[in-house]
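Have a look at the structure below, then the notes.
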Amino acid sequence: MTKTLLILGAGGHGKAVAESALLTGQWQRVLFVDDRWPALQESFGLPVVTDVAGLDKFVDKAQGAIAAVGNNEVREQWCTAIEQAGIKLVSVVHPRAYVSASVILGAGTAVMALAVVGVDAQVGRAAIINANATLDHDAILGDFAHLGVGVQIAGGVQVGARAWLQAGCSAGYNVVVPEAENIPAGTALRAD
């Protein structure tokens with residue numbers, strides 16, 4: 001059976017998630033859902049088939065869906081739309097990412113190329129661990145949180161729900177990042 005994945009969001013992150021999904025071999029077909037449809041018909045050589053409001057038309061045509069947008073609030077809204085349509089919310093892990101077998105990985109999470117998720121880390125629902133980011137041992141990444149490209153999170157760090165650490169940030173051991181915090185690119189966080 002051909003397994004079909006719906007990806008909500010046909011922008012840059014959506015394209016990266018599509019490539020990751022296809023490289024895993026778990027998905028043979030990827031379709032985009034994007035609110036720019038019907039004007040936008042294709043992205044990354046893949047069809048854009050509907051807008052988010054039309055998601056329920058695909059409940060019998062897709063085996064899973066993921067919200068692939070960097071904006072944490074929009075990603076949360078789209079995850080709700082996926083579940084309300086009766087489609088399974090799934091995670092995508094790039095085949096060149098490393099996720100320890102002991103990790104708890106929330107549904108709808110995207111782990112991108114060369115990312116590392118260490119022993120006993122916990123990743124919430126619909127989080128993003130972007131390319132070349134590290135979430136080390138015993139760290140916690142909250143629901144809908146976003147680690148940008150090259151973010152380095154040391155062991156024991158807690159990142160709150162909906163927080164966004166932009167590209168190149170780092171957090172030393174035992175740092176706590178509050179919920180919905182937006183940390184500028186390149187910031188180095190230290191525990192007090």
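What you see below is based on every heavy atom in this structure, not just the backbone, and it leaves out hydrogens, waters and symmetry mates. What you see is a predicted model; the values in this text were computed from it and never measured.
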Open item on the list: When you group the ILVMFWY residues by side-chain heavy-atom contacts below 4.5 Å and let the links chain together, are V151 and V157 in the same group?
Closed with: yes
Task: Hydrophobic cluster membership, V159 vs V103, 4.5 Å side-chain cutoff - done: yes
Is any side-chain heavy atom of [Y] closer than 4.5 Å to one of [X]?
X: V93; Y: T24; result: no
X: V92; Y: V111; result: no
X: I7; Y: V30; result: yes

Open item on the list: For N182, give me all partners under side-chain hydrogen bond (donor to acceptor under 3.5 Å, both in side chains), at least two apart in sequence or on another chain.
Closed with: Q166
With a 3.5 Å cut-off and sequence neighbours excluded, list the donor-acceptor pairs that the side chains of residues 167-175 form with protein atoms.
none

Task: Whichever hydrophobic residues join F58 through chains of side-chain contacts under 4.5 Å - done: L6, L8, L31, V33, V49, V52, L55, V59, V69, V74, W78, I82, I87, L89
- [ ] List the steps, then state whether side chain to side chain contact (heavy atoms under 4.5 Å, CB included) holds for L22 with L5.
- [x] CA-CA 9 Å; L22 291 168; L5 175 66; over 6 Å; no
Would you be so kind as to tabulate the donor-acceptor pairs closer than 3.5 Å made by side chains of residues 12-21, with sequence neighbours excluded?
from	atom 1	to	atom 2	distance (Å)
S20	OG	A16	O	2.9

Task: Pairing residues for W27 by the ring pair (Phe, Tyr, Trp, His ring centres under 6.0 Å) criterion, not counting sequence neighbours - done: none
Got a donor-acceptor contact below 3.5 angstrom from the [X] side chain to the [Y] backbone?
X: S43; Y: A10; value: yes
X: Q158; Y: V176; value: no
X: Q63; Y: T4; value: yes
X: T50; Y: W37; value: no
X: S91; Y: T109; value: yes

Open item on the list: For a quick test of reading the model, state the closest non-hydrogen atom pair linking P178 to A163 and the distance between them.
Closed with: O-CB, 3.7 Å
- [ ] Please report the closest heavy-atom contact between K61 and K57, naming both atoms and the distance.
- [x] NZ-O, 3.5 Å
From [X] [atom1] over to [Y] [atom2], what is the distance, rounded to the nearest 0.5 angstrom?
X: H94; Y: L114; atom1: NE2; atom2: CG; value: 7.5 Å
X: F32; Y: L40; atom1: CZ; atom2: CG; value: 9.0 Å
X: E181; Y: L189; atom1: CD; atom2: CG; value: 9.0 Å

Do any side-chain atoms of residues 127-148 form donor-acceptor pairs under 3.5 angstrom with protein atoms, and if so which ones, sequence neighbours left out?
from	atom 1	to	atom 2	distance (Å)
T134	OG1	Q152	OE1	2.9
D143	OD1	R125	N	2.8
H146	ND1	G70	O	3.1

Open item on the list: A quick test of your reading: do over 12 heavy atoms of other residues, nucleotides or ligands sit less than 6.0 Å from CD of E73?
Closed with: no
TODO: Using a cut-off of 6.0 Å, state whether more than 12 heavy atoms not belonging to K3 lie near its atom NZ.
DONE: yes
Open item on the list: Salt bridge check, E76 against R162: does any charged N sit closer than 4.0 Å to a carboxylate O?
Closed with: yes
- [ ] Report the C-alpha distance between V123 and I104 in whole Å, list the side-chain angles of each, state the deciding distance to 0.1 Å, and finish with yes or no for side chain to side chain contact (heavy atoms under 4.5 Å, CB included).
- [x] CA-CA 6 Å; V123 179; I104 297 170; over 6 Å; no
